[in-house]
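Here's the structure we're looking at; comments come further down.
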Amino acid sequence: MAKSALLGSSLAKKYWMALTGLFLSIFLVAHLAGNLVLLGGEAMAEDFNAYAEFMTTFPVIKIISYLLYASILFHAIDGIMLTIQNRKARPVKYHYEKPSANSGWASRNMAFLGTIVLLFIVGHMATFWWRMKFGEMPIDAAGQKDLYTVVATYFTTASTAWLHVALYVVAMIAIGFHLWHGLQSAFQSLGVNHPKYTPVIKKIGQIFAVVIPALFAIIPIFMFINQ
Amino acid sequence: MNLTLKIWRQNGPEDKGRMEIYPVQDINPDMSFLEMMDVLNEQLIAEGKDPIAFDHDCREGICGMCSMFINGEAHGPGRRITTCQLHMRSFNDGDTIVVEPWRAAAFPVIKDLATDRSAFDRIQQAGGYVSVNTSGNTIDANAIPVPKTDADRAFDAATCIGCGACVATCKNSSAMLFVSAKVSQYALLPQGKVEAKERVRKMVNQMDIEGFGNCTNTGACEVECPVGISLENIARMNREYLSASLSSAE
C-alpha cells in the first residue's frame with residue numbers, strides 16, 4: 001500500500017496530473033511572452049531570433065525544458081491510464097444519460113481535448129522546435145538562426161498557410177477548453193478548496209483559459225492578415 | 001397518468017440484460033416513484049410475470065437504499081431527493097421514462113435494478129470508525145470542546161446516506177464523494193483525528209481495490225447527491241491523503 005500511495009493510487013494520479021498541469025500552464029505564459037514579440041513584425045525579427053537563441057542555449061532554460069518534456073509525457077501518460085481505468089470502472093454503459101444536467105462539457109471531455117492538444121504539440125514541435133534544434137535554418141543579419149522567417153513563411157507565404165493558421169486556432173480553442181476545467185481542477189486535486197478563495201481561483205482560471213489561448217491565436221491571424 | 005416505462009431487466013449477475021417496455025395506466029401523480037413501481041409489479045404478478053427487482057427500504061429519504069437511474073439521472077430529475085422522494089407529478093402524462101440500475105463495475109447487478117453496494121461497506125470497515133473503549137467508562141461527549149464550525153462541517157459530511165448516487169452519476173464511476181464524506185466526518189473532530197492518517201490511507205486503498213474509477217472533478221456527484229455532500233470533502237480527503245502519505249514511514 002505504502003509503495004503506491006504517492007505513485008500508483010487513484011489520488012496519486014490526481015496529484016501528478018495537477019502538478020504537471022500547473023507547470024505546463026506556467027510554461028504557456030513564458031512561451032506566450034516570447035511569441036508576442038512576433039507582433040512587432042520584421043522590425044523586431046532579430047529580437048525574436050535572439051530570444052529563440054537564448055531559449056535553446058541558456059543552461060537553466062535547458063534544464064527547465066527537459067522538465068517540460070517530461071511533464072508533457074507524464075501528463076499524457078497519466079491521462080491515458082486514467083481513461084483506461086475509468087472505462088473499466090463502468091463496463092456496461094447507460095442507455096440514456098443526461099450529463100449536461102450536472103456537469104460542464106469541458107470537464108467531461110478532458111481526454112478528447114487533451115488528445116487534440118497533444119497532436120498539436122507533436123506537429124508544432126516538428127514544425128518549429130525540431131527545425132530550430134536539428135534542421136536547416138536560415139541566418140539573419142545578426143548571424144542568428146532566423147526563426148522569425150521560418151514562422152512567417154509557415155503562417156503567411158506557404159501555399160497552405162491558411163490551413164496552418166486554421167489548425168493553430170483550433171488547437172488554441174482546445175487548449176482554452178482544456179484549461180477552463182483543468183486549471184481550477186488542479187487546485188481541487190491538490191486539496192485547495194476554500195469557500196472564500198475557490199470562487200476566485202475558478203474565476204482566474206477561466207480568465208486564463210480565455211486570454212492566454214486567445215493571445216496565442218491572435219499572432220498567426222495577425223501575421224496572415226498583414227502579409 | 002399513463003406512462004411508458006423502459007426498464008432494465010437482468011435475470012442475474014451473469015445475464016447480459018436488456019431494456020424492456022412496460023405501459024402503465026392510471027398512475028396517481030401523488031404517488032412516489034417507488035409506489036408507481038409497486039403498481040407495475042402488482043400488474044406483472046397478476047399477469048403471472050416476474051416482478052421487477054429494485055432496492056428500497058425506509059421510503060422516507062433516510063436509508064439510502066433506493067437507487068435507480070431515471071431518465072439519465074441518479075434518483076431521477078429533481079435535486080436533493082432520493083427515488084422514494086421523487087413523485088410522479090415530476091413527469092407528464094404520456095411520458096416515456098427510462099429506468100436503469102446504478103452502473104459501475106464495483107456495483108454489480110444482482111437482479112434487474114438491484115445492485116450489490118457492499119463495496120461501500122468494505123470501504124467503511126477498512127477505516128471508517130473511531131476506536132474507543134465503550135466498556136462502561138465512556139467519557140461525556142461534551143467533555144472535549146469542538147468548534148461549532150467544525151462540528152457543523154463534520155455533521156454535514158456525516159449526512160451521507162451511502163446510496164451510491166455519486167458513483168452512478170460520475171462518468172468514471174468514482175466513489176470519491178462517498179469516501180471523502182466518511183473521511184471528513186471523522187477528520188474534522190478531535191476524536192477522529194487520532195486515527196486520521198491511518199484511516200484515509202486504508203479507506204482510499206480499499207476504494208482502489210474495489211475497482212471504482214478515478215475522480216476528474218466534473219462535479220456531477222455534488223449536483224446529484226440527495227443530501228448535498230460538497231466537493232470540499234474531496235479536497236479535504238486529497239489533503240489528508242497527501243499529508244498522510246508524505247509523512248508515513250512505510
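Note that this is a predicted model, so its numbers are computed, not measured. All chains are named by letter (A, B, ...) in the order of the sequence lines, taking the proteins before the strands, and each is independently numbered beginning at 1.
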Query raised in the report: What residue among B:Val200, B:Val204, B:Val179 forms side-chain contact (heavy atoms from CB on, under 4.5 Å) with A:Leu11?
Result: B:Val204
Query - Which atoms of B:Val167 approach chain A - backbone, side chain, both or neither, heavy atom under 4.5 Å - result: backbone
Query raised in the report: How are the rings of B:Trp8 and A:His95 set to each other: parallel, tilted or perpendicular (split at 30° and 60°)?
Result: tilted
Report task. Using heavy atoms and a sub-4.5 Å threshold, report which of residues 117-129 of chain B line up against chain A, by residue number. Result -> none
**Report entry** Distance in Å, B:Asp208 CG paired with A:Lys13 NZ, rounded so as to fall on 0.5 Å steps
**Finding:** 6.5 Å
Query - Donor-acceptor contact below 3.5 Å, side chain A:Arg108 vs main chain B:Thr218 - result: no
**Report entry** For B:Ala104 against A:Pro91, the heavy-atom pair lying closest together
**Finding:** C-CD, 4.4 Å
Query raised in the report: So, for A:Asn193 and B:Glu232, which heavy atoms are closest and what is the spacing to 0.1 Å?
Result: OD1-CG, 3.1 Å
**Report entry** Contacting region of B:Phe212 [heavy-atom separation from chain A under 4.5 Å]
**Finding:** backbone
Report summary line: Honestly, the part of B:Pro77 sitting under 4.5 Å from a heavy atom of chain A is neither
**Report entry** Between CG on residue B:Leu242 and OG on residue A:Ser189, distance to nearest 0.5 Å
**Finding:** 11.0 Å
Query raised in the report: Given that the side chain runs from C-beta out, which part of B:Cys215 has a heavy atom under 4.5 Å from chain A: side chain, backbone, both or neither?
Result: both
Query raised in the report: Considering only heavy atoms, which portion of B:Ala168 lies under 4.5 Å from any heavy atom of chain A: side chain, backbone, both, or neither?
Result: both
Report summary line: What one should report as the nearest heavy-atom pair of B:Arg239 and A:Leu190 is CG-O, 4.3 Å
Report task. To the nearest 0.5 Å, tell me how far A:Leu82 CG sits from B:Asn172 CG. Result -> 8.0 Å
Requested in this report: Tell me, out of B:Glu100, B:Met207, B:Glu222, who's got the most heavy-atom pairs with chain A below 4.5 Å.
Outcome: B:Glu100
Query - Proximity breakdown for B:Ile209 and chain A, heavy-atom pairs closer than 4.5 Å - result: neither
Query raised in the report: Between B:Arg236 and chain A, which part of the residue has a heavy atom less than 4.5 Å away: side chain, backbone, both or neither?
Result: neither
Query - 4.5 Å side-chain heavy-atom contact, B:Met176 and A:Ser10 - result: yes
Query - Distance in Å, B:Asn214 CG paired with A:Met81 CE, rounded so as to fall on 0.5 Å steps - result: 8.5 Å
Query raised in the report: Which bit of B:Met237 is near chain A, if near means a heavy-atom gap under 4.5 Å: side chain, backbone, both or neither?
Result: both
